[in-house]
Amino acid sequence: MSEKRIERIAIVGNPNTGKSTIFNWLTGLNQQVGNFPGVTVDRKTGNYQFERQAFEVIDLPGTYSIFPRSEEERIVRDLLFNNQDSDFPDLVIYVADRTQWERNLLLFTQLYDLGIPMLLVKTMSDKDALWSSSQHPIWKERHIPVVDVNGRTGEGIEQLKSAIAQFHNAVDLRKPILVGDLRSLQGDLEGQVANTQKRYAWIKENFPLKGAQAKEQLFHKSKWDSLLIHPIWGYLIFALVLFVIFQFIFRFASAPMDIIEGWFVQLSGIVKENLPSGIFIDLISEGLIPGIGGVVTFVPQIAFLFFFLSILEETGYMSRVVFIMDKLVRPFGLNGKSVVPLMSSVACAIPGIMSARTISNGRDRLITILVAPLMSCSARIPVYTLLISLVIPEGNFFGWIDLKGLVLFALYALGLISALLMSVVFKWILKTKHEGFMVMEMPSLKPPLMRQVGITVVEKVKVFVADAGKVIIALSIVLWAMASFGPSERLKNAEQKILQRAQTETLSPEKTSDLLATAKLENSYIGILGHWIEPVIKPLGYDWKMGIAIITSFAAREVFVGSMATIYSVGQDFEDNSRLLDRMRNDFNEELGRPTYNVASGLSLMVFYVFAMQCLATFAVVQRETTSWKWPIIQVIYMGVLAYLSAFITYHLFI
Amino acid sequence: MEESILSSVHLGKRGVITKVKSGFLAAKMADLGLFEGNEIEVIFKAPFGDPLAVAVGGTVVSLRLEEAEWITIAS
C-alpha cells in the first residue's frame, strides 16, 4: 500500500449537520465560491496550512445518499465515483450530527463500502447523552478515526487538523458493512430502497438509543414550533419578520448607499479636473467609475439582506416559512421555497434571485428567478415618487385614504399580482415530466452562529461584485458611449447653437453647462434613438424625452430621475427635485394640446416601470444564476412586452 | 391493527409504516428514513393541513399531502 500524503480533502455529509461550519473553521475566509461546471450548484473551495503543510478543502453539497435525488447529490455521486476527477479527494471528512445519528450515518456506510478513505467528525450538541456512541469500539475495528468538534466554539478543530495530517489509509483492512457493489444499483430504485433499509438496520443495531425515554425526548416538539407554524401566529410572525428586515434595510442601507454614490461622483470629478481631458479620461471618469459605482452601491443592500436571510436559514426558521407558505403559493407554479426570494425582491431583486439557489426543483427555481424582478424593488421608489408628485392631484377618499399613497400602493400591488400571474403562465409554458417533490428535512430550531452568518455575507457580496460586476461594468460603458457620442456634425452644430445663445443672452456658466449637457444628450446616439423610437412610444403617451429616459434607465431604474434632470437642464442636483418638477410640469405638448406629463401619461409611465426590466445588475445576476444568456434575454423581452402593453392600456384608460 | 394512508391521519397519530408505493419518491423517502417497518408520528400540520411533518428516527421530515398518499401506516 503506497502512503500518499493527504493534500486534497472533501467535506461530505447530510444537509444541516454543521458541514459548512467545519469548512469555515478550517479555511476561515480563505475560500472561493464558484459553480460546478454547467450547473448552478455552489462549488466552495478553500485552503489552510497545518504544520507547514498546505491543504486544499472542497465543501461538497449536502447529500443524503449516494443514489442521487437532486442535482446537488448527482454532483457528489459523480465526483466520488470517479477517482480520475480533478476534484477527487485524498480523504473525505464525513460530518455527522449526533442528534441525527441514524440518518446521518446512512451516507457514511455507503461511502465506507465504496472504499473511500474517511475520517468521521461528530458535531456535538446538548442531546449527546442520548446516544451510546461516544467511545464506540466499532470505529477502531473499522479503522475510522473519529474527532469531536463543537461547531459553535471551534473546539476540536486543532485535533481535526492533526488527525487529517496523520491520517493513514487503511481502506484495504476494512470489512464491508454490506457486501455488494453499490455502483450496480444505480438504475434500480427498488434495489436502492432494500439496500438503504439494510443499512438503517445496521445503524440501529450498532447505535441503539439509550433507553425508551430518549426517543420521547428526540420526538419532543419545540414550543416555538407550534407558534411558528400556527395558522394565525405563524403568518403574523412571518409578516413581522419581513417588516423588521425591510425597516432595517431602508433605514440602514440607504445611508451607506448614498455615501458610496457620493464617493464615486467625487472620484470622477477629481479625475476629470486633474487629468487632461480626452476620450480616454472621459471613458474613465464618466464610463468606468460610475459603472464600478453602480456595482458597489448595491453592496450595502445585498449585505444587509443576506445578513438577515442567512440568520433565517441558520436558525431553521426558513424551513418553517416554507412549511406554512407552500400550500398558498403552489397554485401559482411556485413552491414554499420561492417565498423568501420573492419577498426579498421587494428590497432588491439581486439578492432575491441569488437566494433562489435554495430551491432544489429546477423549474420552480427558474420561474422564481423570471418573476422576481416584477416585485417592486426600492430602485423604483424615486421614479414613482417623482411621477406621483408630478401628475397625481392632492386628494383623499373617505377623508383618510390619501390619493397619492393609494397610487403608490396600487403600483406595489400590481407588481406582486403580475409576479404571481406570470408564474402561472411560466408554469404552463415550462411543462416538466415530473412535478418535483417537497419531501424534505425540517431542521430543529437553534440560535444562529454569527461567524457563519458573517462568512455567508462576505461570500455573497464577493460573488456579486466579481461575477455580476463584470457584466454590469461592461454594459454601463456601452450605455455611457451611446450617451456621450453622436454624429460629430450634429453634436458640433447643437453645441454651437447653445454657445451663441449663451453669448447673446449672457447666460451664467452653470446655466450654459446645463444647456450643453442637454444638447449633448439630445444629439447623442441615445438621444437619436429616443427620437427614433418616438413613433413607437407615442401610443403610450410619451415623447422623445421620456424615450431617452427609458433607454438610459436600462442601467438602473433610478437613472430615470438623473436623465430627466439632464434633459430639463437642471443639473445633477438630486437633493432638489422641486426645480425638476417645475420644469416637467411646465412642459407643454403643443401637438396634443395638453401638458406632456398629465395623469394619463404619468400613470402610463409608472406602469411601464412596474413591468420593464430596467436593471443591468439584475440582468447580470440572472445570467450568472441561470448560466445562460437565453433566460435573461427572454426576461427582458417578456417584461418589455408586458410593460408596453400595460402602459398602452393605462394611457387609453385615463386619457 | 388499523391501517390508514398517511395523508388522512390526524395530528399526533403514531404508527409503523407498512407500505410505501414504489417509485422515485419511495427511494427519496427511504433515504430520509421513511420505509417499511420504521415508526413515525405526525407532529405538525401546516395551516391548511398541507404539508405535514412527521418525526422519524429522531428527525423531522415534511411532505406534501399528495406525497403522504404514498405511505400507509398501521397503529
Side-chain angles (χ1 to χ4, degrees), chain A residues 16 63-65 67 69-70 73 97 99-104 106-107 127 130-131 189-190 192-197 200-201 203-204 209 214-215 217-221 225-226 229-232 234-235 319-320 322-328 330 335-336 434-435 437-444, chain B residues 5-73 75:
Chain A
N16 309 309
T63 308
Y64 291 108
S65 162
F67 308 119
R69 321 286 180 216
S70 67
E73 294 188 334
D97 182 330
T99 60
Q100 309 163 21
W101 210 225
E102 225 175 270
R103 173 179 311 148
N104 284 179
L106 169 68
L107 178 63
K127 284 182 184 158
L130 298 177
W131 303 95
L189 286 177
E190 272 163 49
Q192 292 173 10
V193 174
N195 190 283
T196 300
Q197 284 192 38
Y200 268 115
I203 297 165
K204 275 185 193 165
L209 276 165
K215 208 178 237 171
Q217 247 172 296
L218 278 173
F219 278 30
H220 179 71
K221 283 208 267 195
D225 262 322
S226 1
I229 62 170
H230 188 272
I232 296 162
Y235 295 112
S319 63
R320 273 68 183 171
V322 173
F323 191 68
I324 62 170
M325 297 304 289
D326 184 60
K327 179 84 179 171
L328 296 180
R330 218 183 303 166
N335 76 45
H434 44 113
E435 284 289 299
F437 57 85
M438 281 287 281
V439 183
M440 52 179 210
E441 191 185 341
M442 239 166 121
S444 51
Chain B
I5 306 288
L6 182 61
S7 56
S8 65
V9 304
H10 56 81
L11 193 65
K13 182 85 167 181
R14 205 182 274 205
V16 175
I17 299 177
T18 53
K19 189 175 169 358
V20 181
K21 272 194 243 171
S22 58
F24 177 79
L25 213 48
K28 171 70 197 171
M29 287 173 175
D31 294 347
L32 295 176
L34 298 170
F35 51 76
E36 283 164 36
N38 236 3
E39 197 186 324
I40 61 171
E41 180 189 345
V42 180
I43 61 162
F44 303 126
K45 278 195 173 187
F48 299 94
D50 181 18
L52 53 84
V54 297
V56 55
T59 53
V60 181
V61 175
S62 77
L63 56 169
R64 287 177 172 170
L65 227 44
E66 64 200 48
E67 292 158 347
E69 276 172 20
W70 290 54
I71 298 176
T72 312
I73 62 168
S75 49

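The figures here come from the full heavy-atom set of this structure, side chains too, leaving out hydrogens, waters and symmetry mates. None of the values given here were measured: they were computed from a predicted structure.
- B:Ala30 and A:Val193 make their closest contact through CB-CG1, 4.1 Å (heavy atoms, listed as atom of the first residue, atom of the second, distance).
- Comparing A:Glu190, A:Lys204, A:Met438 by how many heavy-atom pairs each has under 4.5 Å with chain B, the most go to A:Met438.
- In terms of heavy-atom pairs under 4.5 angstrom with chain B, the leader among A:Leu328, A:Asp326, A:Ile324 is A:Asp326.
- Heavy-atom pairs under 4.5 Å with chain B were tallied for A:His230, A:Gln197, A:Glu73, A:Gln192; the largest tally goes to A:Gln197.
- Atom OG in A:Ser65 sits 8.5 Å away from atom NZ in B:Lys28 (nearest 0.5 Å).
- A tilted orientation is assigned to the rings of A:Phe437 and B:Phe24, their planes being inclined by 30° to 60°.
- Pairing each heavy atom of B:Gly23 with each of A:Leu189, the nearest pair is C-CD1, 3.6 Å.
- Heavy atoms of A:Phe67 lying under 4.5 Å from chain B belong exclusively to its backbone.
- Contacts of A:Asn104 with chain B are absent, with no heavy-atom separation under 4.5 Å from either backbone or side chain.
- Note that CZ of A:Phe323 and CG of B:Leu63 are 9.0 Å apart. Values are rounded to the nearest 0.5 Å.
- Looking at heavy atoms from C-beta onward, B:Val61 lies out of side-chain contact with A:Met440 at the 4.5 angstrom threshold.
- Contact of A:Leu106 with chain B is made through the side chain alone, with heavy-atom distances under 4.5 Å.
- You'll find the side chain of A:Arg69 stays beyond 4.5 Å of the side chain of B:Leu25, heavy atoms only.
- There is no contact between B:Leu65 and chain A, counting heavy-atom distances below 4.5 Å.
- Using a 4.5 Å cut-off between heavy atoms, B:Ser62 touches chain A through backbone and side chain atoms alike.
- B:Glu67 is linked by a side chain to side chain donor-acceptor pair (under 3.5 Å) to nothing, counting only residues two or more places apart in sequence or in another chain.
- Taking every heavy atom of both residues into account, B:Gly33 and A:Tyr200 meet most closely at N-OH, 3.5 Å.
- The minimum heavy-atom distance linking B:Asp31 with A:Arg103 is given by the pair O-CG, 4.2 Å.
- Here CD1 of B:Ile43 is found 8.0 Å from CD1 of A:Ile229. Values are rounded to the nearest 0.5 Å.
- In this structure, the side chains of A:Arg330 and B:Arg64 come closer than 4.5 Å at one or more pairs of heavy atoms.
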